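Below is one structure, written out as structure tokens, with a few remarks after it.
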2 protein chains.
Amino acid sequence: MHVSKNQLKRVRGLTQKKNRQEEQAFLVEGEHALLELLASDWPIELCVVTDLFAQQHAQALGKIAQLFLASPEDLAKSGSLQSNNAGLAIVPMPQTPARVMPSDDWVLALDRLNDPGNFGTLLRIADWYGIRQIITSPDSVELFNPKVISASKGAFLRVQVQSADLSDYLARVQAAGHPVYGAYLEGENTHQLAGGLAKGVLLMGNEAQGISPSLADYVSRKLTIPAFGGAESLNVGVAAGILMDSLKRLEA
Amino acid sequence: MHVSKNQLKRVRGLTQKKNRQEEQAFLVEGEHALLELLASDWPIELCVVTDLFAQQHAQALGKIAQLFLASPEDLAKSGSLQSNNAGLAIVPMPQTPARVMPSDDWVLALDRLNDPGNFGTLLRIADWYGIRQIITSPDSVELFNPKVISASKGAFLRVQVQSADLSDYLARVQAAGHPVYGAYLEGENTHQLAGGLAKGVLLMGNEAQGISPSLADYVSRKLTIPAFGGAESLNVGVAAGILMDSLKRLEA
């Protein structure tokens with residue numbers, strides 16, 4: 001059945017945070033993300049896809065009760081992508097997960113992360129390194145921002161995200177005896193770290209300002225990627241990838 | 001002096017590749033990039049800045065013969081940035097640098113890189129690790145694309161970029177006995193590499209398709225970042241950062 005104007009209007013509404021909060025639902029757009037979503041066991045409220053996508057993926061779409069057709073133009077006009085030849089889904093927000101402590105598992109914590117593309121990249125990194133939970137400060141960019149979902153390349157399906165006061169969280173991590181590794185411009189050289197590192201939290205700060213001074217006391221190991229050239233800094237996603245790779249390389 | 005309509009039209013023209021090629025000039029926009037440019041010894045044809053920027057940076061601007069004033073609105077309308085409260089410069093393209101071989105220095109080679117933001121990130125990584133030259137395949141995204149310049153955070157001032165046929169270049173690297181390390185999804189686990197690595201070329205492939213099959217014969221060491229979770233891949237900038245960090249950690 002062809003999608004209705006009202007349904008497209010609802011899609012357009014969900015590109016805005018206010019409406020996502022009100023409806024407790026968000027958009028998953030584009031071929032790659034949609035196929036990963038369909039392959040997962042996540043609940044899906046409604047799919048709007050092109051004729052071609054519907055034909056090519058009839059089997060994957062078999063489980064979707066509310067399936068509608070639309071042109072690529074309608075998809076692009078209603079959703080957040082500049083072009084969309086595949087489709088989109090409206091997905092109910094998942095319940096807030098139980099918060100994990102870093103005992104068996106690394107945890108990534110993000111302090112005031114600002115850029116949706118960076119958050120998507122960080123979700124992919126977490127997913128690559130088998131990190132199951134990311135804790136974000138409440139003033140970080142929202143997980144359900146369409147740019148985050150898109151940049152995460154499906155990682156949002158596997159990595160839980162929980163918003164929390166980082167002082168509270170890190171105090172509990174500290175009290176439980178787990179290390180908090182923080183990314184700083186002047187800390188221990190990661191090329192000289194000894195092996196046998198205990199699993200803990202990797203804390204990354206805001207793109208421009210780094211980690212909040214108020215959180216510094218919770219950081220047990222300040223880490224620095226050694227620089228050999230003239231750049232002042234690395235992109236936060238790149239830095240997180242390098243640090244996480246170093247920690248996994250040296251973990252006990 | 002206030003900028004003229006014709007000058008703003010010329011700025012707008014330089015957001016297009018065709019005009020950049022014709023004029024052999026490109027734009028540097030925004031506070032951070034402009035300040036790095038002014039602090040460098042690069043030739044600058046012309047600067048257009050806001051009143052505020054002109055007052056705050058009178059000394060740095062002292063050397064600019066052609067200095068004009070414009071509103072933030074005019075800067076945003078003419079240039080490529082959505083907002084620009086600082087200014088922009090028109091800069092002559094640098095001469096093609098002499099091509100380096102990886103003997104004293106690592107070289108980064110990019111095969112069919114597509115995304116301007118990724119190229120900017122890769123320039124920053126090269127700059128961080130002291131790599132002085134990047135070789136790009138001729139069908140890669142253009143260095144002087146405003147999004148590349150902006151994402152590079154000033155790294156374009158310190159890292160030379162040369163466009164070259166990668167088969168030719170890598171054949172010469174191979175003939176000279178230098179290793180070519182390539183990023184693959186199924187290669188040697190970088191967490192198990194022995195130290196004492198000889199300096200060489202790090203070759204990164206296209207975002208979606210990886211390294212061209214026609215270049216595979218030149219790759220002496222296929223490298224893979226070990227995965228621990230469900231992600232299919234890492235962003236090319238993140239992967240390059242992790243690989244370059246591992247190579248520097250283990251270099252002879």
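Predicted model, so just to flag it, every value in this text is computed and none were measured. Each chain gets a letter, A, B and so on, in the order its sequence line appears, and its residues count up from 1.
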| request: Report the C-alpha distance between B/His191 and A/Lys248 in whole Å, list the side-chain angles of each, state the deciding distance to 0.1 Å, and finish with yes or no for side chain to side chain contact (heavy atoms under 4.5 Å, CB included). | output: CA-CA 9 Å; B/His191 285 192; A/Lys248 288 297 285 185; 4.0 Å; yes
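Residue B/Lys222 places its NZ atom among more than 12 non-hydrogen atoms of other residues, nucleotides or ligands, all under 6.0 Å distant. With a 6.0 Å radius and a threshold of 12 heavy atoms from other residues, nucleotides or ligands, B/Lys77 has its NZ atom at or below the threshold.
For A/Asp245 against B/Ile242, the heavy-atom pair with the smallest separation is CG-CG2, 3.3 Å. Heavy-atom minimum distance, B/Ile225 versus A/Tyr129: CG2-OH, 3.2 Å. Looking at every heavy atom in both residues, B/Arg249 comes nearest to A/Leu250 through NH1-CD1, 4.3 Å. Shortest non-hydrogen contact noted between B/Arg124 and A/Ser233 is NH2-OG, 3.0 Å.
When each of B/Lys153, B/Gln192, B/Glu232, B/Arg132 is checked for heavy-atom pairs under 4.5 Å with chain A, B/Glu232 comes out on top. Interface remark: of the candidates B/Thr190, B/Leu157, B/Val159, B/Thr190 forms the most heavy-atom pairs closer than 4.5 Å to chain A. Per-residue heavy-atom pair counts under 4.5 Å with chain A were compared for B/Gly130, B/Ala231, B/Ser246, and the maximum is reached by B/Ala231.
Only the side chain of B/Glu36 comes within less than 4.5 Å of a heavy atom of chain A; its backbone N, CA, C and O stay farther away. For a residue to count as touching a neighbouring chain, one of its non-hydrogen atoms must lie under 4.5 Å from one of that chain's; by this rule B/Ala155 does not touch chain A.
For the atom pair B/Phe228 CZ and A/Met244 CE, the distance stands at 8.5 Å (nearest 0.5 Å).
Remark: B/Phe53 pairs with B/His57 by the ring pair (Phe, Tyr, Trp, His ring centres under 6.0 Å) rule, at least two apart or across chains.
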